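Right, one structure below, let's go through it.
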Amino acid sequence: MSQIRIQQGSQKLDVNIVIADCRCIGFHVNEDLSIDMIVPMGMSSSMVERYARMKEAEIFEAYEKKKIHNHQALPVTLDLEDGRTLYRSGQKLPYLGQMNMNLRIKLLAREKDTSLYEERLPDGERVLTIRTANDDQSFLRYCVMRYYRKCAGEIVRGKASLFGKRMQLTYNHIQITGERVSRRRRFAGLASRNIAIRNQTTLWGSCNSKRNLKFDWKLAMLPIEIIEYIIVHELAHLKKMNHSAAFWAEIEKIMPEYRECRAWLDKHGKEYEMF
């Protein structure tokens with residue numbers, strides 16, 4: 001038996017059986033998305049198959065995570081000018097790692113004000129519409145940035161609260177720069193007083209000596225696992241203001257797969273500079 005085929009819904013995966021001098025059985029998803037199941041010498045075919053069926057859900061989950069980490073979301077067909085995306089009606093933009101944001105630009109000569117709104121289609125795609133009389137590329141980029149900045153703010157607020165609790169952090173408050181200041185504040189020794197969504201240029205996130213966090217507006221374009229890694233990374237700086245072994249240990253407690261996320265950013269992060 002050299003392979004076992006597993007299935008989840010209509011999706012099927014082939015698992016390679018690798019016999020090794022080991023005591024325990026386990027599986028591994030490789031960089032090329034092939035799947036190896038390592039089994040001890042002498043284990044019967046029925047026991048190997050029983051293990052594969054028992055671990056089907058875990059194997060599919062690991063496969064999907066690896067696929068996202070390897071996925072290059074940005075197509076080479078995007079029109080560029082001086083290294084920047086040309087924003088045109090009909091083009092697709094990334095949202096949470098998928099190219100499922102349709103840009104619609106309605107140029108209306110008599111339009112005095114610019115309006116920006118989003119629609120969500122039944123198939124999961126989104127439509128971002130810009131109604132304006134200004135077709136200047138720098139202005140259109142500003143409009144797109146404003147939309148993603150709002151999305152990133154909503155994502156960061158929710159994820160910072162979720163992971164902050166898991167990391168046993170308490171905040172004076174979570175306040176996104178530019179939004180109305182909340183009067184409700186909880187006081188604690190360890191606090192993040194402010195979260196800003198800005199154009200970070202070269203950094204996806206940062207934490208300064210005053211414990212203020214900053215994130216890049218393009219954050220919402222990334223796969224959700226990568227977004228979570230960036231947020232956990234900056235939250236960890238509220239405990240360790242360095243990149244020591246203790247700092248990475250804090251991240252690993254919450255996100256054991258952080259190395260894969262970090263490698264994905266190293267490989268694909270610069271692609272998003274075109275926006």
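Every value quoted in this text rests on a predicted model; they were computed, and no experiment measured them.
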Within a strict 4.5 Å, meaning less than it, do heavy atoms of the [X] and [Y] side chains meet?
| X | Y | value |
| --- | --- | --- |
| Glu260 | Glu225 | no |
| Arg53 | Ile6 | yes |
| Tyr147 | Met101 | yes |
| Cys143 | Phe139 | yes |
| Trp248 | Arg262 | yes |
| His28 | Val18 | no |
| Arg259 | Glu257 | no |
| Leu265 | Tyr229 | yes |

With rounding to the nearest 0.5 Å, note down the distance linking [atom1] in [X] to [atom2] in [Y].
| X | Y | atom1 | atom2 | value |
| --- | --- | --- | --- | --- |
| Ser89 | Asn102 | OG | CG | 9.5 Å |
| Lys239 | Cys207 | NZ | SG | 13.5 Å |
| Asn212 | Glu234 | CG | CD | 12.0 Å |
| Met41 | Asp21 | CE | CG | 4.0 Å |
| Leu140 | Asn134 | CG | CG | 6.5 Å |
| Lys218 | Tyr148 | NZ | OH | 11.5 Å |

Can a salt bridge be assigned to the pair Arg157 and Glu154 using a cut-off of 4.0 Å between side-chain N and carboxylate O?
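No, this pair does not count.
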
Which heavy atom in [X] sits nearest to a heavy atom in [Y], and how many Å separate them?
| X | Y | value |
| --- | --- | --- |
| Thr85 | Gln137 | O-OE1, 3.8 Å |
| Ile254 | Arg166 | CD1-O, 3.8 Å |
| Ala236 | Phe247 | CB-CE1, 3.5 Å |
| Phe275 | Pro94 | CZ-CD, 3.6 Å |
| Lys240 | Ala246 | CE-CB, 4.0 Å |
| Ala160 | Ile195 | CB-CD1, 4.3 Å |

Before you tell me yes or no, could you show the steps for Met43 and Tyr51 under side chain to side chain contact (heavy atoms under 4.5 Å, CB included), namely the whole-Å CA-CA distance, both residues' side-chain angles and the distance that decides it to 0.1 Å?
CA-CA 11 Å; Met43 180 173 282; Tyr51 178 86; over 6 Å; no

Hydrophobic cluster membership, with links at side-chain heavy-atom distances under 4.5 Å among I/L/V/M/F/W/Y: are [X] and [Y] in one?
| X | Y | result |
| --- | --- | --- |
| Ile224 | Leu222 | yes |
| Met241 | Leu203 | no |
| Ile38 | Ile35 | no |
| Trp217 | Tyr142 | yes |
| Leu116 | Met145 | yes |

Using the rule side chain to side chain donor-acceptor pair (under 3.5 Å), only one of Arg198, Gln200, Lys214 pairs with Ser206; which is it?
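The option that passes is Gln200.
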
Do the side chain of [X] and the main chain of [Y] share a donor and acceptor less than 3.5 angstrom apart?
| X | Y | result |
| --- | --- | --- |
| Thr132 | Thr114 | no |
| Arg211 | Leu238 | yes |
| Lys55 | Phe27 | no |
| Arg131 | Ser115 | no |
| Arg84 | Glu273 | yes |

Parallel, tilted or perpendicular: which one describes the rings of His237 and His233, with boundaries at 30° and 60°?
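Perpendicular.
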
Report the relative orientation of the aromatic rings in Tyr272 and Trp204; use parallel for angles under 30°, tilted for 30 to 60°, perpendicular for over 60°.
perpendicular

Using side chain to side chain contact (heavy atoms under 4.5 Å, CB included), reason through Val144 and Ile130 one step at a time and then give a plain yes or no.
CA-CA 9 Å; Val144 171; Ile130 304 173; 4.2 Å; yes

In sequence, state the C-alpha distance, the side-chain angles, and the governing distance for Met167 and Val232, and then conclude on side chain to side chain contact (heavy atoms under 4.5 Å, CB included).
CA-CA 9 Å; Met167 297 171 76; Val232 169; 4.3 Å; yes

So with a 6.0 Å cut-off around CE of Met47, is the heavy-atom count from everything else above 12?
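At most 12 heavy atoms, drawn from other residues, nucleotides or ligands, come within 6.0 Å of this atom.
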
For Tyr117, I'd like to know if atom OH has over 12 heavy atoms of other residues, nucleotides or ligands within 6.0 Å.
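Enclosed: over 12 neighbouring heavy atoms sit under 6.0 Å from OH of Tyr117.
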
Would Ile155 and Leu96 satisfy side chain to side chain contact (heavy atoms under 4.5 Å, CB included), going step by step from the backbone distance to the final call?
CA-CA 10 Å; Ile155 294 169; Leu96 296 185; 3.9 Å; yes

